[in-house]
Amino acid sequence: MKTIDELVGEGVSGKRVFVRADLNVPLDGDTITDDGRIRAAVPTIKKLAESGARVVVASHLGRPKGAPDPQFSLAPVARRLGELLGTQVAFATDTVGAGAKATVGETADGGVTLLENLRFNAGETSKDDAERGAFADELAALADAYVSDGFGAVHRKHASVYDLPARLPHAAGYLIATEVGVLKKLTEDVKRPYAVVLGGAKVSDKLGVIDHLLGKADRLLIGGGMAYTFLKAKGYEVGKSLLQEDQLPAVKGYLERAEELGVEFVLPVDVLAAPEFPDLKTKAPANPTAVAADAIPAELEGLDIGPESRKLYAAKLADAATVFWNGPMGVFEHPDFAEGTKAVAQGLLDSPAFTVVGGGDSAAAVRQLGFDENTFGHISTGGGASLEYLEGKTLPGLAALED
């Protein structure tokens, strides 16, 4: 796949270069609560602008239903992107309509324009090839070349990700190149021991990656809401904890396969539990109780790994050479249930391993809990894309960049 440096070397001055970024940031009204993805997009945009390109940036935000929705507008993102670039970013109030055409047409050499949310157009996410292709044709009319740099979207067969690069000269941006390079370290000639930490709410979200990693990783550490399905599969009572009973047969199968393959499966030995799910708005004290993982009382809900589990997980990371982490260990948004996730983050920092934080809630937790993200080996911008890559799936947005 062609690199952005190769594209720039061929000459981009005066050309309209369409950059498909991933600026899908969390918003509280008009306030961006985590600008990590915007900052990750800056190097590619800046390189093109400094090379004289007329940069047309596009992204999705949230899940609007194929029509304009003010709560998902990228206007706040345009302001923050301008601050990070140190220049004015023009904002088109539509994507392929008259406003977009006029704003792009007025973009000077070295200037940057951000289009409105791509998902305000039904064609972006359509499963109908013709409808998606028609939207890609309209996007292509706005540009002379295409750069893919939205790693968090490359696992989607969407118009701006999959169809558009077929219509324009194309290249991979710096973020895409970095993400793929890191993931290759997790799949090719991996340094061992290789430990994988998986958390999050639902085990069903991680079935594919668990299945694939059973033949790749040396040990799997399980936390978060998904841990309770594993504990139940071992015959333990889990009280009011999150449980996916329909996944119990699959989970039992994974535990058996891990034993056969000699893969170490590490589950919590104790958990922090409370009678009710905590109030994440008021952060009112939840008065958690540490209980053994094999004896969670019927009236309690497990919401984080406990103190003994934290020590255990830190020990399992201490001698690792490679670590991939995706998913928090508990309800980290509440201070009473953040210590498990903190312990894993600190365990990664204390380990001599090459460490990768696999995007999504894990990346948000690292920043929210006050860690310096530059001290980790790599923090991915795409949780879903990272997991699908590790599952061995072909990612449409990457396949589209291959010539």
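Side-chain contact between Asp336 and Leu272 is absent, with no heavy atoms from C-beta onward closer than 4.5 Å. Considering only heavy atoms from C-beta on, Lys185 stays 4.5 Å or farther from Thr322 through its side chain. Contact annotation: the side chain of Asp361 never approaches that of Thr341 to less than 4.5 Å [non-hydrogen atoms, C-beta and beyond]. Between Leu231 and Asp294, the closest side-chain pair of non-hydrogen atoms is not below 4.5 Å. When side chains are defined from C-beta on, Val344 does not count as touching Leu221, because their heavy atoms never get closer than 4.5 Å. Contact check for Leu175 versus Asp22: no side-chain heavy atoms found under the 4.5 Å cut-off. Considering only heavy atoms from C-beta on, Asp304 stays 4.5 Å or farther from Val331 through its side chain. Contact annotation: the side chain of Glu299 never approaches that of Pro275 to less than 4.5 Å [non-hydrogen atoms, C-beta and beyond].
Under the 3.5 Å distance criterion, the side-chain polar atoms of Lys206 are matched with a main-chain donor or acceptor of Gly199. Panel note: side chain Thr107, backbone Val112; no donor-acceptor pair is recorded below 3.5 Å. Judged purely by atom type and a 3.5 angstrom limit, Asn121 uses its side chain to pair as donor or acceptor with the backbone of Leu118. Using a distance-only test at 3.5 Å, with no hydrogens or angles considered, a donor-acceptor pair links the side chain of Tyr146 to the main chain of Ser160. Remark: side-chain polar atoms of Ser126 are paired, donor with acceptor, to backbone N or O of Asp128 under 3.5 angstrom. A distance-only check finds no donor-acceptor pair linking the side chain of Tyr174 to the backbone of Val42 [under 3.5 Å]. The backbone N or O of Gly347 lies less than 3.5 Å from no partner atom in the side chain of Ser351, so there is not a single donor-acceptor pair. Of the possible donor and acceptor atoms, none in the side chain of Thr113 sits under 3.5 Å from a partner among the backbone N and O of Val56. When atom types are taken as modelled, the side chain of Asn117 and the backbone of Phe72 share a donor-acceptor pair closer than 3.5 angstrom. With hydrogens and angles ignored, the 3.5 Å screen pairs no side-chain donor or acceptor of Asp34 with any backbone N or O of Pro26.
More than 12 heavy atoms of other shown residues, nucleotides or ligands fall within 6.0 angstrom of atom CD in Glu264. Around atom CD of Glu6, more than 12 heavy atoms belonging to other residues, nucleotides or ligands sit under 6.0 Å away. Few gaps surround NZ on Lys283; more than 12 heavy atoms of other groups in view lie less than 6.0 Å from it. For Asp28, the CG atom is loosely surrounded, since the number of other residues' heavy atoms within 6.0 Å does not exceed 12. The environment of NZ in Lys2 is crowded: more than 12 heavy-atom neighbours from other residues, nucleotides or ligands sit within 6.0 Å. For Glu373, the CD atom is densely surrounded, since the number of other residues' heavy atoms within 6.0 Å is greater than 12. The environment of CZ in Phe337 is crowded: more than 12 heavy-atom neighbours from other residues, nucleotides or ligands sit within 6.0 Å. Within 6.0 Å of CD in Glu402 there are more than 12 heavy atoms belonging to other residues, nucleotides or ligands.
When all heavy atoms are compared, the tightest approach of Phe135 to Ala159 is CD2-CB, 3.7 Å.
To the nearest 0.5 Å, atom CG of residue Leu390 and atom CD1 of residue Ile210 are 12.5 Å apart. Distance check: Glu116 CD to Ser59 OG gives 10.5 Å after rounding to the nearest 0.5 Å. Atom CG of residue Leu164 and atom CG of residue Leu139 lie 5.5 Å apart, to the nearest 0.5 angstrom. Here the NZ-CG distance, from Lys216 to Leu261, works out to 12.0 Å after rounding to the nearest 0.5 Å. Here the straight-line distance linking atom CZ of Phe18 with atom CG of Leu168 works out to 9.0 Å at 0.5 Å rounding. A distance of 9.0 Å separates NE2 of His155 from NZ of Lys393, quoted to the nearest 0.5 Å.
Note on Asp319 versus Arg219: salt bridge recorded, some NZ/NE/NH1/NH2 to OD/OE distance being below 4.0 Å. Between Glu388 and Lys157, none of the side-chain N atoms (NZ, or NE/NH1/NH2) sits under 4.0 Å from a carboxylate O, so this pair counts as no salt bridge. Here Glu260 does not pair with Arg257 in a salt bridge; the nearest charged N to carboxylate O distance is not below 4.0 Å.
Remark: of the listed residues Lys65, Arg20, Arg63, Arg20 is the sole one forming a salt bridge (Lys or Arg N to Asp or Glu O under 4.0 Å) with Glu124.
For the residue pair Gln247/Thr229, the side-chain donor-acceptor check at 3.5 Å is not satisfied.
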Report task. Starting from the C-alpha separation in whole Å, work towards a yes-or-no answer on side-chain contact (heavy atoms from CB on, under 4.5 Å) for Leu183 and Leu186. Result -> CA-CA 5 Å; Leu183 288 170; Leu186 300 178; 4.0 Å; yes
Requested in this report: Go through the steps to decide whether Phe91 and Thr103 satisfy the test side-chain contact (heavy atoms from CB on, under 4.5 Å), and finish with yes or no.
Outcome: CA-CA 7 Å; Phe91 181 62; Thr103 306; over 6 Å; no
Requested in this report: Test salt bridge (Lys or Arg N to Asp or Glu O under 4.0 Å) on Asp109 and Arg54 and set out the steps.
Outcome: CA-CA 5 Å; Asp109 293 2; Arg54 302 176 182 185; 2.7 Å; yes
Requested in this report: Run the numbers on Leu27 and Leu61 for side-chain contact (heavy atoms from CB on, under 4.5 Å), then give the verdict.
Outcome: CA-CA 10 Å; Leu27 292 172; Leu61 191 152; 4.0 Å; yes
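Note on ring orientation: taking the six-membered ring where Trp is involved, the planes of Phe265 and Phe230 are tilted (angle from 30° to 60°).
Under the 6.0 Å distance and 45° angle rule, Lys191 does not count as a cation-pi partner of Phe354.
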